[in-house]
Every structure is written in structure tokens, then in C-alpha cells.
Student: 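The following block contains the structure, expressed as C-alpha cells.
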Amino acid sequence: MLSACGVLLFASCVEDLDFDQLDEVVLTPVFEADFIFSRFDTSEFEDPNLPPDTPIDVPPVRDTINYDLVGTDFAIDNLERVELTFEFRNTIETSFEFEFQFLNDSDQPVGNLYMMTANPGLGEGTEPVVTTEIIELDNATLAQLASARKLATEVRVINANSDLRGFVELRSKGTYFVNYQL
């Protein structure tokens, strides 16, 4: 038996290996990360003293957070693109405008201002109306956003009145497509 294994070992074929093929290997992982989450529920802001159907002025809700979109030179050099997916779930019977922009360390805008509108809902207790928007940031745009360190957001209510009830929720994620050649 041992002699048969020895014969097989010496009789087996080994193909010449081309180690230069490693230069042709490209890694293409895809990563997903949470981006922005926000929820606005009218029950937190109801004023029972207002008469029905009274127009109300709801000031825009603004927020700025630290957010480094690309992080490192490796990311800038090897990111093929980033897809930002936004999903609004709205039961409030009015539209909401949402915008965001990246900022540098000095709070100066970097790149484009992005705007989208969440469609009106059908009222409290109904299934949310879903609005989805995808923004694709290509490699050239990501290079432009390399100095971004913050994210500024603003939400505005369209045609608010005292009868509005329900919630609007924003969920979003960033999908990072890497293209790295060894």
C-alpha cells in the first residue's frame, strides 16, 4: 500500500504555476452601512388648543453630525462608487422636503446639495406611503468629497396644519462598492 502511494506521488502531474496571475486578481467586496435615520411623530408636538385646520408654521429641523464619507486615501483610490438609498415611510397627510450636504471641517459645503421629497401619507393609522430615492456617487464625485467631515441635514414640512396626525420616518444606508486590484 505504501509503495502504491509513493508511485502515485511521483507519477502525478503538476501544472506550471504562473504567479504573475496574482496581478490580475481584483477584489470587489460590497459593504453596507447605516447612513441617516430620523423619525418625526406628530403626537410629540400636538397642540390641543388650536382650532381644527389651523395652518401652523413648523420651522425646519436641522442637524449636523460628524460623518467621514470616504475616510482614507485607500477608500478614495479604490471605491468604485457609493449608492445612498433613502426610504421615507409617511402616514402624515402632507409632503416633507429633505436635503443634505457634506461639509468640511470649517463647515463649508463640499460638493452638491441633495434634495428629495417624501410623498404625503394617507393619515394616522394607515399603512405608510413609501418613497425611495437612490443617489449614486461615482469615483469622481467621491474624490471631490474627500475633504468632507460632516453631514448637514434639513427637513421641512409642506402645508402643515393642526389636523395632521401620524409619523414620517427616514431610513437610509450607504452601499460601498470597492474595486481593489492586488
Side-chain angles (χ1 to χ4, degrees), residues 28-46 56-72 74-161 164-179:
T28 56
V30 175
F31 300 98
E32 289 186 352
D34 290 334
F35 189 55
I36 300 170
F37 177 84
S38 182
R39 182 178 170 100
F40 174 81
D41 191 324
T42 59
S43 66
E44 298 172 23
F45 303 97
E46 289 177 14
I56 56 175
D57 183 30
V58 179
V61 177
R62 294 182 178 102
D63 192 17
T64 301
I65 60 171
N66 291 330
Y67 191 86
D68 191 348
L69 180 68
V70 290
T72 65
F74 176 84
I76 294 167
D77 294 340
N78 296 289
L79 274 174
E80 185 176 296
R81 71 184 190 280
V82 173
E83 286 181 2
L84 301 175
T85 304
F86 297 86
E87 179 185 272
F88 297 91
R89 302 174 60 81
N90 188 9
T91 64
I92 304 171
E93 295 178 84
T94 192
S95 301
F96 286 79
E97 291 181 344
F98 173 75
E99 64 183 38
F100 71 94
Q101 183 154 37
F102 295 98
L103 307 174
N104 63 20
D105 283 327
S106 302
D107 293 333
Q108 298 302 309
V110 178
N112 293 329
L113 172 68
Y114 297 94
M115 295 182 281
M116 56 200 76
T117 301
N119 293 325
L122 301 174
E124 186 176 35
T126 64
E127 286 294 313
V129 171
V130 177
T131 305
T132 303
E133 179 126 4
I134 298 174
I135 295 174
E136 186 170 309
L137 307 175
D138 62 15
N139 189 269
T141 303
L142 293 171
Q144 181 185 17
L145 295 173
S147 65
R149 298 294 178 262
K150 299 177 185 179
L151 179 68
T153 62
E154 181 174 299
V155 178
R156 289 181 302 282
V157 181
I158 308 301
N159 299 322
N161 69 58
L164 297 177
R165 301 287 182 268
F167 71 89
V168 64
E169 183 175 84
L170 165 61
R171 301 176 190 176
S172 64
K173 68 178 179 178
T175 305
Y176 293 72
F177 295 86
V178 178
N179 189 343

Student: Less than 4.5 Å apart, side chain to side chain, heavy atoms only: is that true for Arg39 and Asp41?
Tutor: yes
Student: Within this structure, what is the CG-CD1 distance for the pair Leu164 and Ile56, rounded to the nearest 0.5 Å?
Tutor: 6.5 Å
Student: Measuring from Leu151:CG to Gln101:CD, what's the distance to the nearest 0.5 Å?
Tutor: 9.5 Å
Student: Check Ser95 against Thr117 and note the closest heavy-atom contact, atom names and distance.
Tutor: CB-CG2, 4.0 Å
Student: Can you measure from CG (Asn90) to CD (Glu169) and round to the nearest 0.5 angstrom?
Tutor: 10.5 Å
Student: How long is the straight-line distance from CD of Glu87 back to CZ of Phe37, given to the nearest 0.5 Å?
Tutor: 10.5 Å
Student: Within a strict 4.5 Å, meaning less than it, do heavy atoms of the Tyr67 and Ile36 side chains meet?
Tutor: no
Student: With a 4.0 Å cut-off on N to O distance, would you call Arg156 and Glu99 a salt bridge?
Tutor: yes
Student: Testing the basics here: between Ala33 and Tyr176, what is the closest heavy-atom pair and its distance to 0.1 Å?
Tutor: CB-CE1, 4.4 Å
Student: Is the shortest side-chain heavy-atom distance between Phe98 and Glu133 below 4.5 Å?
Tutor: no
Student: Does the Thr85 side chain pair with the main chain of Ile134, one donor and one acceptor, at a distance under 3.5 Å?
Tutor: no
Student: Which atom names give the shortest non-hydrogen contact between Leu145 and Gly111, and what distance separates them?
Tutor: CD2-CA, 4.0 Å
Student: Output the distance between atom CZ (Phe96) and atom CD1 (Ile158), rounded to the nearest 0.5 Å.
Tutor: 9.0 Å
Student: Enumerate the residue pairs fulfilling salt bridge (charged side-chain N to carboxylate O under 4.0 Å, His left out) with a member in residues 136-151, sequence neighbours excluded, ordered by first and then second residue.
Tutor: Asp68-Arg149, Arg81-Glu136, Asp107-Lys150
Student: Treating Thr91 as the side-chain partner and Pro128 as the backbone partner, does any N or O pair qualify as donor plus acceptor under 3.5 Å?
Tutor: no
Student: What are the two closest heavy atoms between Ala152 and Thr64, and how far apart are they?
Tutor: CB-OG1, 3.9 Å
Student: Looking at side-chain heavy atoms only, is the closest gap between Leu79 and Val178 below 4.5 Å?
Tutor: yes
Student: Nearest heavy-atom pair of Pro59 and Asp57: which atoms, and what distance?
Tutor: CD-O, 3.5 Å
Student: Using modelled atom types and a 3.5 Å cut-off, is there a donor and acceptor pairing between side-chain atoms of Glu93 and backbone atoms of Pro120?
Tutor: no
Student: Indicate yes or no: at least one non-hydrogen side-chain atom of Leu137 is less than 4.5 angstrom from one of Leu84.
Tutor: yes
Student: Is there a side-chain contact between Thr131 and Met116 in this structure, where contact means two heavy atoms from C-beta onward sitting under 4.5 Å apart?
Tutor: no
Student: Quick one: does any side-chain atom of Ser38 pair with a main-chain N or O of Leu170 as donor and acceptor, under 3.5 Å?
Tutor: no
Student: Tell me if a side-chain donor or acceptor on Asn119 pairs with a main-chain N or O of Val130 at a distance below 3.5 Å.
Tutor: no
Student: Considering only residues two or more places apart or on different chains, which pairs with a residue in residues 107-145 satisfy ring pair (Phe, Tyr, Trp, His ring centres under 6.0 Å)?
Tutor: Phe100-Tyr114
